[in-house]
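Contents: one structure, followed by commentary.
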Amino acid sequence: KAGVTQTPRYLIKTRGQQVTLSCSPISGHRSVSWYQQTPGQGLQFLFEYFSETQRNKGNFPGRFSGRQFSNSRSEMNVSTLELGDSALYLCASSHDGEGPQHFGDGTRLSIL
Amino acid sequence: AQSVTQPDIHITVSEGASLELRCNYSYGATPYLFWYVQSPGQGLQLLLKYFSGDTLVQGIKGFEAEFKRSQSSFNLRKPSVHWSDAAEYFCAVGVKDSSYKLIFGSGTRLLVRP
């Protein structure tokens with residue numbers, strides 16, 4: 001069974017640009033969550049999607065958004081990038097959101 | 001507020017020695033508890049989980065953890081550490097508000113001496 005797949009693995013952007021990250025969950029999983037990992041703030045919850053609906057959102061500005069498609073794949077978008085957005089962005093999937101979450105290898109975003 | 005505390009930032013053990021990583025949580029309801037491991041450049045791998053029932057849970061790679069409600073703890077243990085166990089370990093609590101999310105501790109980096 002394939003795991004959670006995140007693309008791309010690495011991205012370099014400059015301030016003010018926008019970026020889109022992609023996540024394909026484990027087959028049959030309908031819940032996708034996104035987390036940001038930085039050395040200073042650690043792992044922080046961004047948002048969770050289930051059946052194409054955002055069910056929960058963490059404490060991040062509106063520049064961070066996401067969506068989920070009918071096949072459960074999810075994208076995360078960050079607009080007007082800031083230096084502080086440099087981080088590892090992790091996607092996790094689970095059957096219904098309450099079970100154990102399985103993580104992808106992440107997208108490393110660097111802002112110059 | 002919900003939180004997870006991992007008091008040890010770094011731990012160094014010799015290969016073959018036993019290991020215990022500490023985790024304390026703060027959550028008003030019955031917690032779902034997890035331990036994840038992260039190797040450099042990788043995502044998080046689930047080691048074990050506690051939802052209910054037996055308070056001693058077994059995981060992958062020879063790890064186990066014990067849930068102690070009275071101490072709000074969920075410590076991770078391994079009887080004999082291997083060099084390949086060197087990584088960062090994260091304890092997490094599952095929190096339910098509008099849906100379900102993980103609150104992570106700050107992590108413990110494990111170094112293994114040959």
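Lettering of chains follows the sequences in order, A, B, ..., and the numbering in each one begins at 1.
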Under a 4.5 Å heavy-atom cut-off, does chain B meet the side chain of A:Arg108, its backbone, both or neither? neither
Distance in Å, B:Tyr36 OH paired with A:His102 NE2, rounded so as to fall on 0.5 Å steps: 7.0 Å
Chain A contact via B:Gln38 - side chain, backbone, both or neither, heavy atoms under 4.5 Å: side chain
B:Leu102, part contacting chain A, at a heavy-atom distance under 4.5 Å: both
Is there a continuous path of hydrophobic side-chain contacts, each under 4.5 Å between heavy atoms, that joins A:Leu81 to A:Tyr89? yes
Treating Ile, Leu, Val, Met, Phe, Trp and Tyr as nodes and any side-chain heavy-atom pair under 4.5 angstrom as an edge, say whether B:Leu47 and B:Tyr32 lie in one connected cluster. no
On a heavy-atom basis, the closest approach of A:Gln101 and B:Tyr100 is NE2-CD2, 3.9 Å
State yes or no: do A:Leu90 and A:Ile26 share one hydrophobic cluster built from I, L, V, M, F, W and Y residues joined by side-chain heavy-atom distances below 4.5 Å, directly or via other members? no
Sort by residue number and list every residue of residues 49-61 of chain B having at least one heavy atom under 4.5 Å from chain A. B:Lys49, B:Phe51
Is the count of non-hydrogen atoms from other residues, nucleotides or ligands lying under 6.0 Å from A:Arg15 atom CZ greater than 12? no
Within residues 42-59 of chain A, contacts to chain B at heavy-atom distances under 4.5 Å involve A:Leu43, A:Phe45, A:Glu48, A:Arg55, A:Asn56
Establish whether B:Tyr25 and B:Leu76 are linked, either directly or via other cluster members, by ILVMFWY side-chain heavy-atom contacts under 4.5 Å. yes
How long is the span from the CG atom in B:Leu44 to the CG atom in A:Leu88, to the nearest 0.5 Å? 8.5 Å
To the closest 0.5 Å, what do you measure between CZ (A:Phe103) and CD (B:Gln42)? 14.0 Å
Is it possible for you to say whether A:Trp34 and A:Val19 belong to one hydrophobic cluster, with membership spreading through side-chain heavy-atom contacts below 4.5 Å? yes
How about A:Leu83: does its CG atom have over 12 heavy atoms from other parts shown lying under 6.0 Å from it? yes
How close do A:Asp105 and B:Gly43 get, heavy atom to heavy atom, and via which atoms? OD1-N, 3.2 Å
Segment of A:Gln37 engaging chain B (4.5 angstrom heavy-atom cut-off): side chain
